[in-house]
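A quick write-up on the structure given underneath.
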Amino acid sequence: MSKNLVIVESPAKAKTIEKILGNEFVVESSFGHIRDLVSKGMGVEIDNGFKPIYEVSKEKKDVVKKLKKLAKEAETVWLASDEDREGEAIAWHLAEALNLNPATTNRIVFHEITKTAIQNAVQTPRRIDQNLVNAQQARRVLDRLVGFELSPVLWKKVRRGLSAGRVQSVSVRLIVEREREIRNFESSSSFRVVAQLTNSKGDTLQAELNHRFEKEEDALKFLEQCKNSKLSIADLETKPAKRSPAAPFTTSTLQQEASRKLSFSVSQTMSVAQKLYEGGLITYMRTDSVNLSNDAIEAAKGEISSYYGEEYSNPRRYSTKNKGAQEAHEAIRPTNMASHAAGADRQQKRLYDLIWKRTIASQMSDAKLERTTVHIEIDGNPYKFVAKGEVIQFDGFLRAYLEGTDDEEVEEKNILPKLHVDEVLEYTSISATERFTKHPPRFTEASLVKKLEELGIGRPSTYAPTISTIQKRGYVEKSDLEGELRKYQQLVLEAGNVEVNTLEERTGADKGKMMPTDIGMVVNDFLVEHFEQILDYNFTAKVESEFDRIADGSEGWVDMIDEFYKQFHPKIEDAEDAERASGERHLGDHPDTGKPIFAKVGRYGPMVQMGHVEDEEKPQFASIPKEMHIDTIKLEDALELFKLPRVVGEYKDKPVKAAIGRFGPYVQHEKIFASLKGELSPLTIDLETAIQLIEEKREQVANRNIKVFEDVDPIIEVLNGRYGPYLKQGRRNFKIPKDTEPKELTLEEAQKIISEAGEKKPKRAPRKAKK
DNA sequence: CAGTGAGCGAGCTTCCGCTTGACTT
């Protein structure tokens, strides 16, 4: 039994701190928040001063029980959760749940895990800061009110199971608006002129014309003029320049770099980093701070001096540029700078390498460069060729690490030969190539995180979950666009002759980028129309400044929430009276019958509809396949869709049909349904491919069947599932206990499993709620 | 799961942030 109990948030941190504090202290972890608003219902008594109703979270019951026991036995309890709004709230919830007196309980903080920081903290305990706790309560209650009032409106107006919130809805908006920009983008082309030149000594250099020609004939005219023009150097300028290293990693910059350099997904980066953290190899990976501890700066200095040389060392402190940063932790860095490589597997090793290099580089000298710009005159022509060169005089931090870039086109910077003013140059070739303007890029997971951080939306612990939520809800999908071929012109002047070529390139191809779905767009438009305030990119920033006022005691949290709710809630009521949101678009009328055809999002997803619901003759419906969208589908596509289901052909004397069902496109033969993936469309699939898919599926199904009890009604099947064997009766599935061999299962045992599974009713198919 | 887009109308879905394992139909 120990006199002192210290409670921190993370178990890995607890272990480290326990070692530092010695045997007078027991250090335990709360595993993050232990209490939250009740999970069922609103959890806020709106009519009772917005009183929050908290409960110990289900998965934290055991943790709280254990901490309660230890707290009772200890003489002194030290609440050492993180030094930020959420950490303060965790301390307060702990005090409440463990029956500690908040007025006397010790609250300590350290934002780096070093011996000095921890010992200092224990010397200077304070009390729980109730203002900061209240700021957190305001944040929590606001998010619950927004999320749990908005989402039900969507269930009613769009589709069941949807969700909306302060963070996810703005994330979707960014992606939707970017996609619209891309769709509305009109590409224009111009001719970029590049010359390959030589001087009298035979040295070569490349230069670009300081003008782009809009018309091919002008480019041609220019090249014709160049045939006999003298090229000479008009001026030559050399300027010193420097480059400085990037700050050490935060969660968001780590996610961006790991995406650029290692092709890691945002969530993959976090789980690999978690492993490194648990192995004691790096500091905490969910942080918005670029700060390094004094110990770390010292260690980096020593490491750089001995490994690269003293002239490479330049200790620096960085400060955050992000307004919302709470900086409860250090930047992400190696715990031991002398360890140049670490990690249990290839992924861990690669991520560690990135972290080590970035940290070390941040403490190294600037790179010194020399940039040269040469202007080359064309006799009798107003335009000039420009050549740019860059020479590294001292590599500095570049020796360790260079930050990646999102730009697709990086300006080429070559090394120029020795040149002088008035020197005459000859061309070996001058080419004018048609180049097209590019639409803004789609977001990747990582570039979305970057944007969210800039807007102050979301926190290091939520970037990865947010990306997965908006995909799970079906608002956003990763793209897989093949693009198309485009012709472009290239004119080349060589040896006094101009040749004109038509070349081909692929354009519009995009893989793994974030694209909105039809549902995503419909939901977004509905939310933007009715809840402009919440969907505003600055909403989070605005409420954050209110939270700051609560934290410093100049505003009460209930007043703030009351103010907000007074104007938010009426909008909910307005939206509930609004039309159903479907994104309906009139495509045109049927050429024969004249019936109107619409595209919209229905209960089961995007669809086309022919005729009106009120009409005497009922309307016809058809699902829209993934490759088409409600806001781009054409009338003739829609007419094709009404021809589904389509008989592809005959196989074993039975028809093979193709159609689009509730779960997407499929082909069917007797009782076998095989879904269509990728480029396959029910409109175009051929019999051979369809049969192949059906046979594959038939084999899969056969392999899944272990045993069937046909004597009972309904029959019981023993199947092999993704997670092992299970029982199936009717629409219900039952887990088979681990100690049972599925092949030897008897009917009696199977029935016992089913009856023991309880009286839970099978889930019903969703039914539409009428407005 | 499966070819619809009604209605009967119970009970259900949902937020953001803080932490790790548990363990899936």
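We name chains A, B, ... by the order of the sequence lines, and we start the count at 1 in each one. The figures here come from the full heavy-atom set of this structure, side chains too, leaving out hydrogens, waters and symmetry mates.
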_So if I take every side-chain heavy atom of Gln274(A) and compare against dT20(B), dC18(B), dG3(B), which nucleotide ends up nearest?_
dT20(B)
_Nearest listed nucleotide, side chain of Ser151(A), among dC16(B), dC15(B), dT20(B)_ = dC15(B)
Please report the distance, rounded to the nearest Å, between [atom1] in [X] and [atom2] in [N].
X: Leu94(A); N: dC18(B); atom1: CG; atom2: P; value: 15 Å
X: Arg160(A); N: dT14(B); atom1: CZ; atom2: P; value: 9 Å
X: Phe539(A); N: dC16(B); atom1: CZ; atom2: P; value: 12 Å
X: Ile660(A); N: dG5(B); atom1: CD1; atom2: C1'; value: 14 Å
X: Glu544(A); N: dC16(B); atom1: CD; atom2: C1'; value: 11 Å

*Pair Lys157(A) + Glu576(A), salt bridge at N-O below 4.0 Å*: no
*asked:* I'd like to know if Arg140(A) reaches the base of dC15(B) with its side chain such that a donor and an acceptor end up less than 3.5 angstrom apart.
replied: yes
*Stepwise side-chain hydrogen bond (donor to acceptor under 3.5 Å, both in side chains) test for Tyr537(A) and Glu454(A)*: CA-CA 10 Å; Tyr537(A) 293 125; Glu454(A) 281 168 16; over 6 Å; no
*Between His612(A) and Phe598(A), is the gap from one ring center to the other below 6.0 Å?*
yes
*Rounded distance in Å between the P positions of dT13(B) and dT25(B)*: 15 Å
*Taking for each residue the nucleotide of DNA chain B bearing the nearest heavy atom, is the 5' side occupied by Leu145(A) or by Met285(A)?*
Leu145(A)
*Do you know which of Leu37(A), Val63(A), Asp36(A), Ile34(A) makes side chain to side chain contact (heavy atoms under 4.5 Å, CB included) with Ser57(A)?*
Asp36(A)
